Amino acid sequence: MPRPCRESYGDQKPPYSYISLTAMAIWSSPDKMLPLADIYRFISDRFPYYRRNTQRWQNSLRHNLSFNDCFVKIPRRPDRPGKGAYWTLHPAALDMFENGSFLRRRKRFKLPKPEEDKEKRKRPAPFSIESIMSDSRPAASKQLHYLPNLYGPFRFDSCK
DNA sequence: CGTTGTTTATGCAATA
DNA sequence: TATTGCATAAACAACG
């Protein structure tokens with residue numbers, strides 16, 4: 001079963017979920033993180049189907065970004081002003097589509113519920129990758145003021 | 001204002 | 001057949 005990642009679907013709806021499409025967009029970026037508008041652009045650039053009804057699918061896409069724990073929002077730096085934040089993938093969600101389907105995952109990636117008592121005082125280093133993984137706060141209150149270097153050489157040009 | 005995020009709700013279809 | 005993942009709609013806050 002061919003799984004072309006580029007084009008050739010014409011005006012037909014590509015066999016990918018919004019989560020897949022978004023993950024593809026993020027994967028494709030050099031820094032493995034993109035602002036919303038760039039995710040839009042990635043999708044509509046190579047899938048003609050998504051050049052219409054933008055209001056509808058972009059709303060759905062935004063819903064997915066907020067709703068799914070597999071997407072992590074990384075705030076902009078003050079020295080890199082712009083509209084929204086950067087979106088990236090949760091490190092524990094990289095094998096999300098290990099079934100190869102890209103339509104429906106076996107299981108939805110979900111962070112543990114706010115069982116606040118669990119690791120109350122086991123504070124890992126605030127900038128370590130462990131602190132991301134163990135962050136079980138609701139998405140709304142989650143704020144990552146750091147850059148997981150796991151995502152490769154991310155540089156703001158004036159990062160010194 | 002338009003864009004970006006957050007959240008709740010409903011219905012459908014695939015899976016177990 | 002019950003559960004779960006997904007698509008869509010919609011209301012709304014926040015931000016530049």
Side-chain angles (χ1 to χ4, degrees), chain A residues 1-116 131-148 151 154 156-159:
Chain A
M1 168 78 82
R3 184 156 48 71
C5 195
R6 292 182 184 284
E7 204 61 73
S8 82
Y9 292 104
D11 288 347
Q12 296 311 305
K13 181 169 185 162
Y16 307 115
S17 64
Y18 289 121
I19 297 180
S20 302
L21 293 168
T22 304
M24 286 166 52
I26 292 175
W27 282 337
S28 80
S29 70
D31 302 320
K32 310 302 176 205
M33 45 166 51
L34 284 180
L36 181 62
D38 288 348
I39 299 177
Y40 289 161
R41 186 168 17 261
F42 175 93
I43 294 174
S44 58
D45 268 359
R46 58 205 75 200
F47 302 108
Y49 175 85
Y50 290 109
R51 285 167 197 167
R52 295 182 308 283
N53 304 319
T54 54
Q55 203 57 47
R56 190 166 10 128
W57 70 263
Q58 292 186 351
N59 182 24
S60 297
L61 185 54
R62 268 179 277 117
H63 160 76
N64 274 280
L65 283 173
S66 289
F67 180 76
N68 291 97
D69 288 343
C70 56
F71 299 117
V72 179
K73 192 177 65 175
I74 297 188
R76 280 176 183 271
R77 290 277 198 79
D79 53 308
R80 172 68 69 105
K83 191 60 171 106
Y86 284 87
W87 289 97
T88 187
L89 288 163
H90 193 287
L94 295 178
D95 57 349
M96 231 178 0
F97 297 106
E98 113 278 341
N99 51 16
S101 167
F102 288 90
L103 265 177
R104 182 190 174 94
R105 295 113 99 210
R106 262 202 289 277
K107 286 197 177 314
R108 193 190 297 238
F109 175 78
K110 263 312 187 186
L111 252 27
K113 266 299 164 187
E115 316 169 24
E116 40 201 302
S131 74
I132 313 176
M133 318 262 299
S134 64
D135 189 350
S136 57
R137 287 174 295 167
S141 60
K142 212 181 300 179
Q143 285 224 338
L144 305 178
H145 293 292
Y146 50 81
L147 212 48
Y151 294 126
F154 182 86
F156 305 95
D157 350 4
S158 55
C159 191

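Chain A is the first sequence line, chain B the second, and so forth, proteins listed ahead of strands; every chain is numbered from 1. Computed from a predicted structure; not experimentally measured.
Residue A/S17 is classed as a sugar-phosphate contact, given heavy-atom separations below 4.0 Å to backbone atoms only. Counting non-hydrogen atoms under 4.0 angstrom, A/F109 reaches nothing in the nucleic acid.
Picking from C/dC15, C/dT8, B/dA14 the nucleotide with the shortest atom distance to the side chain of A/R104 gives B/dA14. In the set C/dC15, C/dT8, B/dT7, the nucleotide with an atom closest to the side chain of A/N64 is C/dT8. Nearest nucleotide to the side chain of A/R108, out of C/dC6, C/dT8, B/dT7: C/dC6. In the set C/dG5, C/dA9, B/dG5, the nucleotide with an atom closest to the side chain of A/K107 is C/dG5. Picking from B/dT3, B/dG5, C/dA9 the nucleotide with the shortest atom distance to the side chain of A/N59 gives C/dA9.
Of all non-hydrogen atoms in A/T54 and A/Y50, the two that sit nearest each other are CG2-O, 4.3 Å. In this structure, A/C70 and A/A93 approach most closely via the heavy-atom pair CB-CB, 3.6 Å.
Put simply, the side chain of A/F97 reaches to within 4.5 Å of the side chain of A/I19, judged on heavy atoms. In this structure, the side chains of A/Y16 and A/F47 come closer than 4.5 Å at one or more pairs of heavy atoms.
Between A/R56 and C/dA9 there is a side-chain polar atom (N or O) within less than 4.0 angstrom of OP1 or OP2.
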Under 3.5 Å, which N/O atoms of the protein pair with N/O atoms of nucleotides 8-11 of chain B?
from	atom 1	to	atom 2	distance (Å)
B/dT8	O4	A/H63	ND1	3.1

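Side chain of A/R76 to backbone of A/G84: a donor-acceptor contact under 3.5 angstrom is found. Within the 3.5 Å criterion, the main-chain N or O of A/I26 finds no donor-acceptor partner in the side chain of A/K32.
Around atom NZ of A/K110, more than 12 heavy atoms belonging to other residues, nucleotides or ligands sit under 6.0 Å away.
To the nearest angstrom, P of C/dG5 lies 22 Å from OH of A/Y16.
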Check: residues 33-41 of chain A side-chain donor-acceptor pairs under 3.5 Å, at least two apart:
from	atom 1	to	atom 2	distance (Å)
A/D38	OD1	A/R41	NH2	2.4
A/Y40	OH	A/R62	NE	2.9

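Comparing A/G82 and A/K13 against DNA chain C, the residue whose closest nucleotide sits nearer the 5' end is A/K13.
Side chain A/K83 to base B/dT3: a donor-acceptor pair is found below 3.5 Å.
Direction change of the helix axis from one end of the helix from B/dC1-C/dG16 to B/dA16-C/dT1 to the other is 20°, with five pairs defining each end axis (rounded to 10°).
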